[in-house]
> 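Have a look at this one before I ask anything.
Throughout, protein chains are lettered first and strands after them, A, B, ... in sequence-line order, and every chain is numbered starting at 1. These figures come from a predicted structure and were not determined experimentally.
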Amino acid sequence: MEWILDHLDDITSLGLQHVWLSGLPLVLGLVISIPVGWLATRARWLRGVLITGSGLLYTIPSLALFVLMPLVLGTSILDPLNVVVAMTIYTIALLVRSVVDGLTSVPDEVARSATAMGYTSVRRFFGVDLPLAVPVIAAGLRVAAVSSVSMVSIASLIGVDQLGDLLIDGFNREIPGELVAGILASVLLAVVFDLLIRLAEHTLTPWRRAQQGSSA
Amino acid sequence: MIVDILQWLVSAEEWSGDGGILVRLLEHIAYTFMVILLAGLVAIPAGLWIGHTGRGRWMVTVANALRAIPTLGLLFALTLVLLPRLPGASAFIVPSIAVLVLLAIPPILSGTYSGVESADPAALDAAKGMGMTGRQVLRSVEIPIALPLLISGIRAAVLQVVATATIAAYVGLGGLGRYLIDGLAISDYVSTAGGALLVALLALALDAPFALLGRYLVSPGLTGRTPRALRQTDPLPAGGTA
């Protein structure tokens with residue numbers, strides 16, 4: 001506890017780094033997964049390829065992916081871009097499936113009524129299909145967020161600074177307070193991300209509150 | 001650079017000897033099997049019990065909450081606690097294996113539990129109506145229905161263990177992680193990237209059998225793939241619930 005109070009500045013600045021390195025990939029991954037997932041619902045063969053492909057990407061261990069990124073991107077090993085791109089890949093790997101599941105969960109009669117009301121396919125996607133898919137996509141994003149916050153710590157092993165530095169330094173110099181601070185800060189960040197996603201889901205699905213009261 | 005890495009991967013000296021690639025690869029595989037076995041011995045019976053009786057769900061909640069703790073932190077904390085209490089080389093291996101088992105339990109537990117839960121209550125009622133005991137219902141109805149999710153739980157656990165064993169090289173575990181951790185420590189990118197490629201390939205290779213396992217172990221009645229013999233004699237029209 002004492003260690004935490006004495007080093008509040010360090011923890012905050014490493015924490016902000018952590019927010020960037022784990023948050024930005026979640027946003028990028030979400031933005032990319034929506035059109036990819038939409039494509040997958042359109043063509044059956046594409047769906048198999050995309051879901052298997054993204055599943056395979058997810059099998060690559062994080063440290064290995066961080067280390068291999070410079071080969072693909074031509075960056076230096078210390079470049080934070082390696083971590084951002086690797087985490088974005090993981091987010092896409094998890095979310096494409098959620099987007100597909102979400103979009104296919106839209107009831108047929110709803111989709112047909114929208115078309116009958118004169119919705120063009122683009123308007124139907126943004127006005128009907130995507131909003132109805134929000135709960136499923138949000139569930140996928142919450143899983144991605146928790147694992148993203150945990151995985152980014154591993155980037156300290158390749159020398160990219162964030163909360164993981166506290167873990168390594170605390171371990172190497174045998175300062176339990178520092179190690180505990182790193183774990184607590186990381187768990188706190190995961191909880192905050194989770195709350196933000198649930199808040200966004202709540203705001204984006206007003207009809208659910210109308211249906212069942214405020215039970216989110 | 002890529003040529004150097006490929007050269008490293010195929011060079012005979014790197015493959016042979018005590019610290020050679022072959023030994024590291026076998027170590028990595030051995031850790032993975034041992035950990036999955038230990039985790040399965042705990043998580044599968046527990047998951048079956050929770051799913052069958054509907055009691056003890058808090059265990060699933062606790063196991064899932066564990067996932068928010070950064071893997072690296074858990075590994076370092078447990079090593080720091082156990083290090084002074086264990087003799088010799090076991091001081092480095094035991095904490096790593098313990099953390100790996102701890103991380104492999106949640107996916108297997110929730111796979112088993114949700115697999116059993118996914119059984120249609122009507123099917124369970126029918127089994128009980130036929131006079132099956134609780135044990136028989138578990139063995140011949142719930143476990144077969146649970147298999148697809150149970151297998152995917154083990155599959156997720158295997159990937160988690162392969163990845164985390166790589167990181168555990170930092171606290172002294174053997175295996176392919178040595179190339180990554182040692183390579184990073186001396187800024188030798190060739191062996192670091194070579195090790196990373198090997199780990200990635202191992203993960204893919206260990207993942208592949210599970211896709212096949214799903215096809216052979218899962219009851220045909222669940223996959224919608226009716227066996228040929230049954231299809232010919234079955235008077236019911238094909239299709240139904242897709």
> Give me the atom names and distance for the closest heavy-atom approach of B:P70 to A:V187.
CD-CG2, 4.3 Å

> When rounded to the nearest 0.5 angstrom, what is the spacing between OG in A:S153 and CG in B:L74?
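A:S153 OG to B:L74 CG: 11.5 Å, rounded to 0.5 Å.
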
> Do you know which of B:T166, B:L83, B:L197, B:V81 has the most heavy-atom pairs under 4.5 Å to chain A?
B:L197

> From B:L184 CG over to A:L157 CG, what is the distance, rounded to the nearest 0.5 angstrom?
7.5 Å

> Nearest 0.5 Å please: distance from the CG atom of A:L167 over to the CZ atom of B:F76.
7.0 Å

> Over 60° means perpendicular and under 30° means parallel, so classify the ring planes of B:Y170 and A:F171, tilted if in between.
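A:F171 vs B:Y170 ring planes: tilted.
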
> With rounding to the nearest 0.5 Å, note down the distance linking OG in A:S62 to CG in B:L72.
9.5 Å

> Roughly how far apart are A:I175 CD1 and B:L80 CG, rounded to 0.5 Å?
10.0 Å

> By a 4.5 Å heavy-atom criterion (distance strictly below it), what part of A:I168 contacts chain B: side chain, backbone, both, or neither?
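Contact with chain B is through both the backbone and side chain of A:I168.
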
> How many angstroms lie between CG in A:L68 and CD1 in B:I5, if you round to the nearest 0.5 Å?
7.5 Å

> Of the backbone (N, CA, C, O) and the side chain (C-beta and beyond), which part of A:L71 lies under 4.5 Å from a heavy atom of chain B, both, or neither?
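Both backbone and side chain.
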
> Specify which of B:T164, B:L202, B:V199 makes the most heavy-atom pairs with chain A at under 4.5 Å.
B:V199

> Which region of A:D194, side chain (C-beta onward) or backbone (N, CA, C, O), has a non-hydrogen atom less than 4.5 Å from a non-hydrogen atom of chain B, or is it both or neither?
neither

> Tabulate, in ascending numerical order, the residues of residues 145-163 of chain B having at least one heavy atom closer than 4.5 Å to a heavy atom of chain A, or enter 'none'.
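Answer by number: B:L159, B:V162, B:A163.
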
> Any luck finding a side-chain donor-acceptor pair between A:Y58 and B:D207 under 3.5 Å?
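No, no side-chain donor-acceptor contact under 3.5 Å.
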
> Do any N or O atoms from the side chain of B:Y189 and from the backbone of A:I77 form a donor-acceptor pair under 3.5 angstrom?
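It does not hold such a pair.
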
> Does any heavy atom of chain B fall under 4.5 Å from the side chain of A:V67, the backbone, both, or neither of them?
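Looking at A:V67, backbone and side chain both touch chain B.
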
